[in-house]
2 protein chains.
Amino acid sequence: MRFPSVNRSTTLVEDVCALITRESRKAPGADEWLPPERQLAEKLCVSRQVVREATKRLELQGILEVCHGVGTRVVNRLHSPLNRSFELLMPDRDDRFTKLTEMRVMVEPQLASLAASRASHEDLQAMRLAQSNLESAETQEAAVLADMEFHRALAKAAGNPIAELMLESLAELGKASRSQTIGMVGKAPALAHHATILEAIEARKPDTAAKAMAAHLGAIELHLLKETSHARPKKPLAARS
Amino acid sequence: MRFPSVNRSTTLVEDVCALITRESRKAPGADEWLPPERQLAEKLCVSRQVVREATKRLELQGILEVCHGVGTRVVNRLHSPLNRSFELLMPDRDDRFTKLTEMRVMVEPQLASLAASRASHEDLQAMRLAQSNLESAETQEAAVLADMEFHRALAKAAGNPIAELMLESLAELGKASRSQTIGMVGKAPALAHHATILEAIEARKPDTAAKAMAAHLGAIELHLLKETSHARPKKPLAARS
DNA sequence: TAGTGGTACGTGGTCTGACCACGTACCACT
DNA sequence: AGTGGTACGTGGTCAGACCACGTACCACTA
């Protein structure tokens with residue numbers, strides 16, 4: 001009762017992927033556990049090896065998490081494949097951080113601009129929540145989290161999932177690292193900057209929002225990264241007459 | 001003579017990955033074929049299944065290409081995992097194209113600016129080559145290729161591999177699709193725009209380069225994407241007094 | 001009773017060897 | 001010289017066994 005065609009694992013990945021996203025859309029929040037590999041193999045009429053290759057693939061894509069001795073669960077870590085790719089591109093961690101930050105400096109002011117045009121009520125609500133969380137944060141850790149949440153909400157409001165993913169990737173990279181926004185400048189100034197940005201977005205003033213965000217990024221010393229690398233071409237040109 | 005520890009495939013991926021990048025750095029250009037799975041398994045003292053899971057992983061990362069009945073070869077398609085991630089994020093192809101283009105519009109002018117600061121002699125050379133290729137292009141296809149090559153060279157000159165990867169991803173998406181830069185505006189204007197941009201970069205004038213690139217992007221109707229989406233918030237706000 | 005250790009079970013991880021499906025290259029035939 | 005078939009090597013799948021890891025339960029101890 002078997003139909004041993006080829007590339008089962010590839011098609012299986014797509015099937016299971018679709019099934020998973022459908023399932024998780026149906027019951028979001030609940031940490032779904034997949035059936036055991038053996039059971040899954042029987043149900044899908046394939047060998048365990050094929051199931052394993054499929055789950056491996058989905059794990060690499062940040063959709064599943066496989067725990068030895070425990071099971072396989074659905075997760076949402078779409079940024080992790082990005083990090084992996086960047087890791088291949090730039091083995092040095094500081095390089096990655098620098099270049100990702102460079103991208104952030106390029107993109108985030110314009111995200112603020114887009115957010116000012118596009119933000120829905122829910123988006124604004126989320127930003128306000130993050131802002132009030134930052135205001136009431138007691139510990140450094142809580143402040144950092146609230147800060148990250150504000151920027152995440154802003155990216156979401158801008159309506160560009162790719163930018164969102166990129167910033168997520170940067171956040172992941174900077175997590176247990178120095179260069180946490182808050183640590184640079186302190187809580188109070190960050191709060192003020194965010195307030196200015198949020199105000200501009202609520203007022204639907206794209207240019208003002210972009211300028212405020214640029215100022216924010218400049219204030220947290222991110223501009224230093226940009227300037228230093230600006231001043232250091234890979235290979236200096238001969239002086240031009 | 002076996003040491004059946006766990007997570008062999010994970011460690012193996014790293015080992016093989018390092019080995020491959022080292023090998024391909026040593027002999028670049030040569031399309032390297034890996035030894036057959038059985039042989040590889042024996043050499044690495046693991047089962048064939050583990051080798052297969054490792055190669056699957058590396059295939060997904062765009063480092064290997066597995067051909068049924070032929071073999072496994074080293075490739076360089078680091079953009080493909082990005083496309084896969086974006087596909088998960090936005091199942092609709094047009095959405096992906098729109099959002100990636102949006103990113104491009106945000107980033108590329110600033111890339112031109114960075115390129116004006118950082119470009120090495122080799123970078124400039126590459127851009128000039130692409131430009132002359134565009135000039136001498138007879139067919140539409142050759143023109144499109146030369147156009148893409150110019151933008152790729154510019155991203156490289158800007159020294160940000162992440163941006164480079166993102167644009168590569170966009171190019172891949174737009175390959176067998178409408179919205180090829182050239183098709184929008186014709187060869188002659190594109191040539192003129194590129195010339196202006198290149199001139200600014202050679203003259204080390206970041207702002208001029210950025211403006212020229214922005215004008216170029218605007219001229220090829222990419223601004224339309226931006227404007228329409230700007231004007232269409234996901235959920236209109238109530239009028240503010 | 002509360003704490004502690006061991007043990008059984010279910011999970012993913014690996015091994016083995018066999019067979020199937022696909023491409024290629026070679027060779028006999030036309 | 002062209003054409004078809006066939007043998008070989010490759011990746012793809014299957015089956016069943018065993019290993020390694022976590023957990024939960026339970027008897028034992030203080």
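Each chain gets a letter, A, B and so on, in the order the sequences are listed, and its residues count up from 1. What you are looking at is a predicted structure, and each value in this text was computed from that prediction instead of being measured.
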J.: Return the pairing partner of C:dG23 with a 3.5 Å limit on both distances, Watson-Crick or G-U wobble; otherwise return none.
T.: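 Result: D:dC8.
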J.: Which base sits across from C:dC29 as a Watson-Crick or G-U pair, both distances under 3.5 Å?
T.: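 Pairing partner, where one exists within any strand: D:dG2.
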J.: Indicate yes or no: at least one non-hydrogen side-chain atom of A:Leu64 is less than 4.5 angstrom from one of A:Val74.
T.: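 Heavy-atom side-chain distance check passes, below 4.5 Å.
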J.: Round to a whole Å and report the spacing from CG of A:Asn7 to P of D:dC14.
T.: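 Atom-to-atom, A:Asn7 to D:dC14, this comes out as 12 Å.
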J.: Would you indicate whether B:Arg152, at its atom CZ, is surrounded by more than 12 heavy atoms from other residues, nucleotides or ligands within a distance under 6.0 Å?
T.: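 More than 12 within 6.0 Å, yes.
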J.: Contact class for B:Glu37 (heavy atom, under 4.0 Å): base, sugar-phosphate, or nothing?
T.: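 Answer is sugar-phosphate: B:Glu37 comes under 4.0 Å of backbone atoms only.
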J.: Return the 5'-most residue of the pair B:Arg38, B:Val50 with respect to DNA chain C, ranking by each residue's nearest nucleotide.
T.: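 So the residue in question is B:Val50.
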J.: Got A:Ile162 and B:Glu102 here, is their nearest side-chain heavy-atom distance under 4.5 Å?
T.: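 Answer no - side chains too far apart.
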J.: What's the CH2-C1' distance between B:Trp33 and D:dT10, to the nearest Å?
T.: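 So the CH2-C1' distance, B:Trp33 to D:dT10, works out to 10 Å.
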J.: Output yes when at least one side-chain N/O atom of B:Thr72 is less than 4.0 Å from OP1 or OP2 of D:dG11, else no.
T.: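 For B:Thr72, the contact criterion (side-chain N or O under 4.0 Å from OP1 or OP2 of D:dG11) is met.
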J.: In terms of side-chain heavy atoms of B:Ser47, which of C:dG23, C:dT14, D:dG11 is nearest?
T.: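 Looking only at heavy atoms from C-beta outward on B:Ser47, the closest nucleotide is C:dT14.
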J.: Distance check needed: D:dG11 P versus B:His68 NE2, whole Å only.
T.: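 Taking atom P of D:dG11 as the reference, NE2 of B:His68 is at 9 Å.
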J.: With A:Arg77 as reference, evaluate A:Glu65, A:Glu172, A:Glu59 under the salt bridge (Lys or Arg N to Asp or Glu O under 4.0 Å) test and give the passing residue.
T.: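 Among the candidates, only A:Glu65 passes.
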J.: Which nucleotide, in any strand shown, forms a Watson-Crick or G-U wobble pair with C:dA18, with both distances under 3.5 Å?
T.: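 Pairing partner, where one exists within any strand: D:dT13.
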J.: For B:Glu65 and D:dG12, what is the distance between atoms CD and P respectively, to the nearest whole Å?
T.: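 It is 11 Å, rounded to the nearest whole Å.
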J.: Grab the CD-P distance between A:Glu59 and C:dG12 for me, whole Å please.
T.: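 The answer, rounded to whole Å, is 12 Å.
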J.: Hey, which sits more toward the 5' end of DNA chain D by its nearest nucleotide, A:Gly69 or A:Gln49?
T.: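 This one resolves to A:Gln49.
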J.: Counting only side-chain N and O atoms of A:Arg52, is one of them less than 4.0 Å from OP1 or OP2 of C:dG13?
T.: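 Yes, within the criterion.
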J.: Expressed in angstrom and rounded to an integer, what is the separation of A:Leu64 atom CG from C:dT11 atom C1'?
T.: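 One finds 15 Å between C1' of C:dT11 and CG of A:Leu64, rounded.
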J.: Find the distance A:Gln39:CD to C:dT11:C1' and express it as a whole number of Å.
T.: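 Whole-Å distance recorded here is 12 Å.
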J.: What's the shortest heavy-atom distance between B:Pro161 and A:Met90, and which atoms?
T.: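 Taking every non-hydrogen atom into account, CG-SD, 3.7 Å.
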J.: Whole angstroms only, please: what is the CD-P distance between B:Glu53 and C:dT14?
T.: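 So the two atoms are 6 Å apart, to the nearest Å.
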